[in-house]
Amino acid sequence: GFVLRLGEKSLRDRLPMPGNPLPSFPDQRFVIADDARRFRRLTPRQRWQQIFALRAWGDRLSGPSPRGDAIRKLDMEAEEAWQAIQRELFARHGR
């Protein structure tokens, strides 16, 4: 029969079976905590660069999505709501 080869091992060799356990993945709580610690060690400029890079990645991901238009519409609505909040705060407490 057909056996798909992945490097030196076949797919059959990689399937979970007795003696061939599933791969283990790190606990996501620890991964997130490590990411947060690394982020807090960044300079303010590096933090903004990371935030903008994440935003750009999200934009690239949503671009070809069949729901891209809906995602962009929700994003614009959230931005408009945030701007309205800022205008109200500046009107009340600004100069």
Side-chain angles (χ1 to χ4, degrees):
F2 176 77
V3 177
L4 178 63
R5 293 257 171 220
L6 300 171
E8 294 298 314
K9 292 187 173 193
S10 71
L11 182 59
R12 188 180 307 147
D13 294 332
R14 292 178 182 240
L15 294 175
M17 297 180 170
N20 189 12
L22 287 171
S24 62
F25 296 97
D27 187 322
Q28 288 301 300
R29 293 173 297 177
F30 299 121
V31 172
I32 292 166
D34 287 343
D35 287 346
R37 276 191 291 277
R38 278 194 300 277
F39 185 79
R40 284 192 297 269
R41 286 194 296 260
L42 297 174
T43 65
R45 180 179 177 86
Q46 290 170 324
R47 288 180 185 186
W48 279 113
Q49 288 172 336
Q50 290 292 312
I51 291 167
F52 288 133
L54 181 61
R55 177 59 192 241
W57 176 78
D59 288 344
R60 282 193 309 275
L61 194 61
S62 68
S65 168
R67 295 186 178 153
D69 289 338
I71 293 168
R72 283 183 287 283
K73 182 177 182 245
L74 288 172
D75 192 38
M76 285 302 296
E77 289 172 359
E79 178 63 25
E80 289 168 2
W82 175 242
Q83 287 180 13
I85 291 167
Q86 288 178 329
R87 282 191 298 275
E88 182 182 335
L89 284 171
F90 285 126
R92 271 197 221 167
H93 308 288
R95 294 180 184 208

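Owing to the predicted nature of the structure, the values given are computational and were not obtained by experimental measurement.
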Should we say atom CZ of R47 is surrounded by more than 12 heavy atoms from elsewhere, each under 6.0 Å from it?
yes
Do Q83 and E79 pair up side chain to side chain, a donor and an acceptor below 3.5 Å, judged on atom types alone?
yes
Shared hydrophobic cluster for L42 and F52 (ILVMFWY, side-chain gaps under 4.5 Å):
yes
The reported gap from CG in D34 to CZ in R37 (rounded to nearest 0.5 angstrom) is 4.5 Å
Can you see which heavy atom on Q46 is nearest to which on T43, and at what distance?
OE1-N, 2.9 Å
R55 bridged to D59 by N-O distance under 4.0 Å:
yes
Are E88 and I85 close enough, and set up right, to give a side-chain contact (heavy atoms from CB on, under 4.5 Å), and what steps lead you there?
CA-CA 5 Å; E88 182 182 335; I85 291 167; 5.8 Å; no
Linking I/L/V/M/F/W/Y whenever any side-chain heavy atoms sit under 4.5 Å apart, do L54 and F39 land together?
no
Check this for me: does any side-chain nitrogen of one of R72 and D75 sit under 4.0 Å from a carboxylate oxygen of the other?
no
